[in-house]
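Remarks on the structure that follows.
Just so it is clear, the values below take in all heavy atoms, side chains as well, and ignore hydrogens, waters and symmetry mates.
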Amino acid sequence: MLLIAGVAAMVTAGPIAIAGTGGDVDTLEKLWPGVRDSTEEVFISSDPNVTAWGEGSARRVRTVVAPVEAPWLGQHVLYLEEFLHDDPESIRRQLLLDLQPAEPPAVGVRVRLYSFKEPRRWIHLDRRPKLISDLHRAEVVKAEGCDLMLKKEGDQFSGGTVGRDCIDIRDGGLRYVEYRLVVGEDLYWYRRRVLLRKGNDLQEEVFGFNWFELNDARLFACRVEWSVTGRKSDLRLLARLELHDQGGRAHFATPDGRKLELTLHSQDWPFMADRDALILLLQDQVQNTPMASAWTEIDSDDIAINLGWLRIQCGSMVPQRDELLASR
């Protein structure tokens, strides 16, 4: 429950893996750590601490994730702390993340979240190895109902909370938190929504992903479908990937062994200075050769590549009109 107090007070990761295996856990444990630099924007807020800096305005946020040794909690544990990029001593969120294989029939990784009883004592834990030996189970509290279920899609992990059990304690349990996350090599995207448990009315919505200094990036959700016969009627879902339009990239593999890379460009594209366009590129990773491309108007919300045996459809993701995300 302490997690939600911390989350609510701020504006607040190819082939599908087989359930019960540890491969996805190992992959996520290596992919998630690092320093993530994000732009965070409030679209709806009932929190006075958030509303003070204005709905629709943006802040730059740093998220630090690092592995820590905590065998009393689990074999795959990460430490996460989050702060405004110009104020690293004012931590907005601190968590221990316990990564476990999802229980069948679910697939992917279950991330159990733990907050600290005395957060200030453990600040910058990733840079204070001597302090880790003093950390024990009695120092943390599990955020019940707030586990994240993350599934591997290509070289990204995506998912979030399940159901309405992640309670926002600010209003006596009247609201719950819905949190979604995408972790990739060059993409870190999250959305936090607070809704009424009765009626499911949206109370707060915060949206953030990779920070770009020169351009306003947009986030796109891409549906990748593959057919063994090449017929449209045989297309089946292969992966769902998220890309930003400032050179965002993602990798995935087809069942017949092809290793492919998808990239999306708009204002960052260097070869069309006299003509703005949204450009989607598909490339073979092994041969390092382009396979297909598509382009459309720079402010378009949709773009697609259709090779018959492979179809990729990408649509922009916006907080209030997010059909692609809602279908995940």
Side-chain angles (χ1 to χ4, degrees), residues 3 6-7 9-13 24-42 53 58-70 73 76-99 109 111-116 119-132 135 140 148 150 152 154-160 179-192 206-219 241-251 263 268:
L3 163 70
V7 172
M10 58 121 187
V11 211
T12 58
D24 283 355
V25 172
D26 293 335
T27 301
L28 181 57
E29 185 180 29
K30 295 175 182 177
L31 179 65
W32 202 338
V35 179
R36 309 285 181 165
D37 198 356
S38 304
T39 294
E40 183 176 78
E41 186 169 354
V42 179
W53 50 276
R59 280 192 172 185
R60 188 173 169 186
V61 176
R62 294 281 177 90
T63 304
V64 177
V65 178
V68 294
E69 292 290 333
L73 185 62
H76 306 275
V77 179
L78 303 175
Y79 169 74
L80 180 149
E81 69 178 27
E82 185 179 82
F83 49 87
L84 297 181
H85 83 105
D86 57 354
D87 193 6
E89 298 306 312
S90 296
I91 304 300
R92 302 197 314 176
R93 185 168 65 146
Q94 287 173 268
L95 297 172
L96 285 182
L97 311 173
D98 175 26
L99 280 51
V109 181
V111 183
R112 295 184 171 91
L113 281 62
Y114 294 82
S115 59
F116 295 86
R120 293 299 304 178
R121 179 182 174 187
W122 310 103
I123 189 171
H124 307 324
L125 184 63
D126 58 307
R127 291 185 274 137
R128 302 165 68 192
K130 293 182 179 180
L131 191 61
I132 295 176
L135 182 60
V140 300
L148 303 178
L150 302 181
K152 191 171 186 291
D155 61 351
Q156 301 176 353
F157 283 84
S158 64
Y179 192 83
R180 292 196 59 83
L181 175 71
V182 178
V183 181
E185 185 174 340
D186 70 338
L187 178 64
Y188 191 74
W189 172 90
Y190 57 86
R191 183 183 71 180
R192 183 183 64 89
V206 176
F207 184 87
F209 68 100
N210 302 60
W211 184 81
F212 294 89
E213 185 173 11
L214 298 179
N215 302 305
D216 292 328
R218 288 194 296 163
L219 187 66
L241 306 170
E242 276 80 10
L243 301 174
H244 60 77
D245 67 346
Q246 303 298 313
R249 66 184 63 241
H251 300 103
T263 59
D268 70 307

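Between Arg120 and Gln94, the closest heavy-atom pair is N-OE1, 4.2 Å. Scanning all heavy atoms of the two residues, the minimum distance from Phe209 to His244 falls at CE1-CB, 3.9 Å. Scanning all heavy atoms of the two residues, the minimum distance from Tyr79 to Glu81 falls at OH-OE1, 2.5 Å. Here the shortest heavy-atom pairing between Phe83 and Ser90 reads CB-O, 3.5 Å. Minimum interatomic distance between Arg36 and Leu31 (heavy atoms only, all atoms of both residues): NH2-O, 2.9 Å. Nearest approach of Val182 to Ser158, heavy atoms of both residues: CG2-CB, 3.8 Å.
Here Asp126 pairs with nothing under the side-chain hydrogen bond (donor to acceptor under 3.5 Å, both in side chains) rule; sequence neighbours left out. Not counting sequence neighbours, the partners of Ile132 by the side-chain contact (heavy atoms from CB on, under 4.5 Å) test are Val68, Leu125. Pro67 pairs by the side-chain contact (heavy atoms from CB on, under 4.5 Å) definition with Pro33, Leu78, not counting sequence neighbours. Listed by chain and number, the residues in a side-chain hydrogen bond (donor to acceptor under 3.5 Å, both in side chains) with Arg127 are His124 (sequence neighbours excluded). Under the side-chain contact (heavy atoms from CB on, under 4.5 Å) criterion, Arg249 pairs with Asp186, Glu261, Thr263, not counting sequence neighbours. Scored by the side-chain contact (heavy atoms from CB on, under 4.5 Å) test, Val35 finds Arg62, Val64 as partners (sequence neighbours excluded).
Judged by distance alone, with hydrogens and angles left aside, the side-chain atoms of Asp155 form a donor-acceptor pair with the main-chain N or O of His251 at under 3.5 Å. Under a 3.5 Å cut-off, the side chain of Arg128 and the backbone N or O of Ile123 do form a donor-acceptor pair. Under a 3.5 Å cut-off, the side chain of Glu40 and the backbone N or O of Val61 do not form any donor-acceptor pair. Using modelled atom types, one side-chain atom of Gln156 and one backbone atom of Glu242 make a donor-acceptor pair closer than 3.5 Å. Judged by distance alone, with hydrogens and angles left aside, the side-chain atoms of Asp245 form a donor-acceptor pair with the main-chain N or O of Arg218 at under 3.5 Å.
Residue Asp37 holds its CG atom at 4.0 Å from CZ of Arg60, rounded to the nearest 0.5 Å. The CZ atom of Arg92 lies 7.5 Å from the OG1 atom of Thr63; values are rounded to the nearest 0.5 Å.
Looking at heavy atoms from C-beta onward, His76 lies in side-chain contact with Asp26 at the 4.5 angstrom threshold. In this structure the side chain of Trp32 reaches within 4.5 angstrom of the side chain of Leu181, judged on heavy atoms. In this structure, Leu187 and Leu219 have side chains that are in contact, with non-hydrogen atoms separated by less than 4.5 Å. Between Asp24 and Phe157 the shortest side-chain heavy-atom distance falls below 4.5 Å. Within the 4.5 Å cutoff, side-chain heavy atoms of Trp189 are placed close to those of Arg180.
The one candidate from Ile91, Leu131, Val140, Leu96 that meets the side chain to side chain contact (heavy atoms under 4.5 Å, CB included) condition with Trp122 is Leu131. Applying side chain to side chain contact (heavy atoms under 4.5 Å, CB included) to Asp98 and the options Leu113, Leu73, Val111 leaves one that passes, Leu73.
Aromatic ring orientation, Tyr190 versus Tyr179: parallel (interplanar angle below 30°, classes split at 30° and 60°).
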